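Beneath this line is the structure, given in structure tokens, with notes to follow.
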Amino acid sequence: LEWIPADKIKKYDFLVYPRIKTTLPKHKQKFTKDHFELFGYYIAEGCLSQRKGNVEGIVFSVNTLETKLTNRILYLMKKLYDLKGHIFDATRHRRTIRFYSIKLSFFKNMFNSGAKNKIIPKEFILYDKNLQKKLIFGLWEGDGSKYYDKTKNATEFEYQTVSKQLGWGIFNLLIRLGFLPSLKIS
């Protein structure tokens with residue numbers, strides 16, 4: 001292997017991407033599988049509820065037909081934070097699930113605010129792979145899709161986001177988990 005500057009790369013050159021194998025010691029990992037699953041749902045479907053710049057809670061926006069996802073979010077928020085959700089159904093199958101508590105303001109610090117600014121915290125790359133799988137699961141349950149490509153005779157998974165940082169975060173997690181993802185920025 002040799003390092004080649006980006007402007008010298010030619011068609012058919014192979015690129016090597018590092019795979020992080022280091023994992024934080026268990027006692028330094030402050031979250032559980034349930035947290036990571038909920039974080040995935042939040043990154044995909046959540047936003048902050050703010051008043052005058054202060055976080056008053058978080059909101060998940062899902063389809064009214066997604067009862068399994070709704071129930072899972074309600075369950076995890078009750079289990080992890082002892083909070084009861086308030087469900088509001090609107091026209092065209094829109095549902096919001098609201099949780100009011102100032103203790104949820106850490107979501108803003110961890111994942112940023114607004115779809116274009118969402119991120120996966122850098123330290124998550126060092127967490128246990130089983131936790132990372134739960135994060136990916138939550139992301140795909142929210143905004144991911146799966147389909148069969150007849151031309152490739154393969155099932156493909158796709159995740160779309162307007163956040164470049166989030167796209168790269170997902171890319172790096174998938175590499176760490178042994179997948180070979182591609183990233184399309186438009």
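Here the structure is a predicted model, which means the values were calculated and not measured.
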Pairs in or reaching into residues 97-117: which pass side-chain hydrogen bond (donor to acceptor under 3.5 Å, both in side chains), with residues at least two apart or in two chains?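 side-chain hydrogen bond (donor to acceptor under 3.5 Å, both in side chains) check on residues 97-117 returns Q50-K108.
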Basic-acidic side-chain contact under 4.0 Å: D34, K79: yes
With under 30° as parallel and over 60° as perpendicular, where do the rings of F99 and F60 fit, or are they tilted in between?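 F99 and F60: perpendicular rings.
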Ring geometry between F107 and Y81 (parallel below 30°, tilted from 30 to 60°, perpendicular above 60°):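 If you compare the ring of Y81 with that of F107, the planes turn out perpendicular.
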Looking at K118, is its backbone amide N or carbonyl O close enough to the side chain of S163 to form a donor-acceptor pair, meaning the two atoms are under 3.5 Å apart?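 Checking the backbone N and O of K118 against the side chain of S163, a donor-acceptor pair under 3.5 Å is found.
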Counting only N and O atoms by type, is there a donor-acceptor contact under 3.5 Å from the side chain of Q29 to the main-chain atoms of L24?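 Checked: pair present.
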Measure the [atom1]-[atom2] distance between [X] and [Y] for me, rounded to the nearest 0.5 Å.
X    : Y    : atom1 : atom2 : result
T161 : I170 : OG1   : CD1   : 6.5 Å
L180 : F171 : CG    : CZ    : 7.5 Å
L126 : L131 : CG    : CG    : 12.0 Å
K10  : I4   : NZ    : CD1   : 6.5 Å

With a 4.5 Å heavy-atom cut-off, do [X] and [Y] have their side chains touching?
X    : Y    : value
R94  : T64  : no
L104 : L83  : yes
I102 : N54  : no
I58  : M77  : yes
L135 : I43  : yes
I136 : L173 : yes
D89  : I87  : yes
L166 : I119 : no

Applying side-chain hydrogen bond (donor to acceptor under 3.5 Å, both in side chains), can you list everything that pairs with H86, at least two apart in sequence or on another chain?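 Partners of H86 under the side-chain hydrogen bond (donor to acceptor under 3.5 Å, both in side chains) test: none.
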By side-chain hydrogen bond (donor to acceptor under 3.5 Å, both in side chains), which residues pair with K33, not counting sequence neighbours?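 So K33 forms no side-chain hydrogen bond (donor to acceptor under 3.5 Å, both in side chains) with any residue.
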Would you please name every residue forming a ring pair (Phe, Tyr, Trp, His ring centres under 6.0 Å) with Y41, sequence neighbours left out?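 Listed in chain order: nothing, the list is empty.
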Partner residues of Y127 under the ring pair (Phe, Tyr, Trp, His ring centres under 6.0 Å) criterion, sequence neighbours left out: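 Here the qualifying residues are F36, F124.
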Excluding sequence neighbours, so at least two apart, what forms salt bridge (charged side-chain N to carboxylate O under 4.0 Å, His left out) with [X]?
X    : result
K84  : none
E66  : none
D13  : none
R176 : none

Determine the minimum heavy-atom distance between L74 and G85, stating which atoms define it.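 It is CD2-CA, 3.8 Å.
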Considering all heavy atoms, the nearest A44-G138 contact: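 Scanning both residues completely, I find the closest heavy atoms to be CB-O, 4.4 Å.
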Honestly curious: do [X] and [Y] fall in one hydrophobic cluster under the side-chain, below-4.5 Å linking rule?
X    : Y    : answer
L139 : I175 : no
Y75  : F31  : yes
F106 : L48  : yes
F179 : I20  : yes
M110 : L80  : yes

According to salt bridge (charged side-chain N to carboxylate O under 4.0 Å, His left out), does anything in residues 134-149 pair up with another residue at least two apart or in another chain? List the pairs.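 Output for this query lists E37-K134.
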Sort and list the pairs that fulfil salt bridge (charged side-chain N to carboxylate O under 4.0 Å, His left out) and have at least one residue in residues 156-169, not counting sequence neighbours. K152-E156
Looking only at the side chains, is there a donor atom on one of S49 and E56 sitting less than 3.5 Å from an acceptor on the other? yes
Stepwise, does the side-chain contact (heavy atoms from CB on, under 4.5 Å) test hold for K133 with F137? CA-CA 6 Å; K133 288 176 187 174; F137 173 81; over 6 Å; no
Excluding sequence neighbours, so at least two apart, what forms side chain to side chain contact (heavy atoms under 4.5 Å, CB included) with T67? R95
Is the Y147-F157 ring centre distance short of 6.0 angstrom?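 Here the rings of F157 and Y147 have centres that are no less than 6.0 Å from each other.
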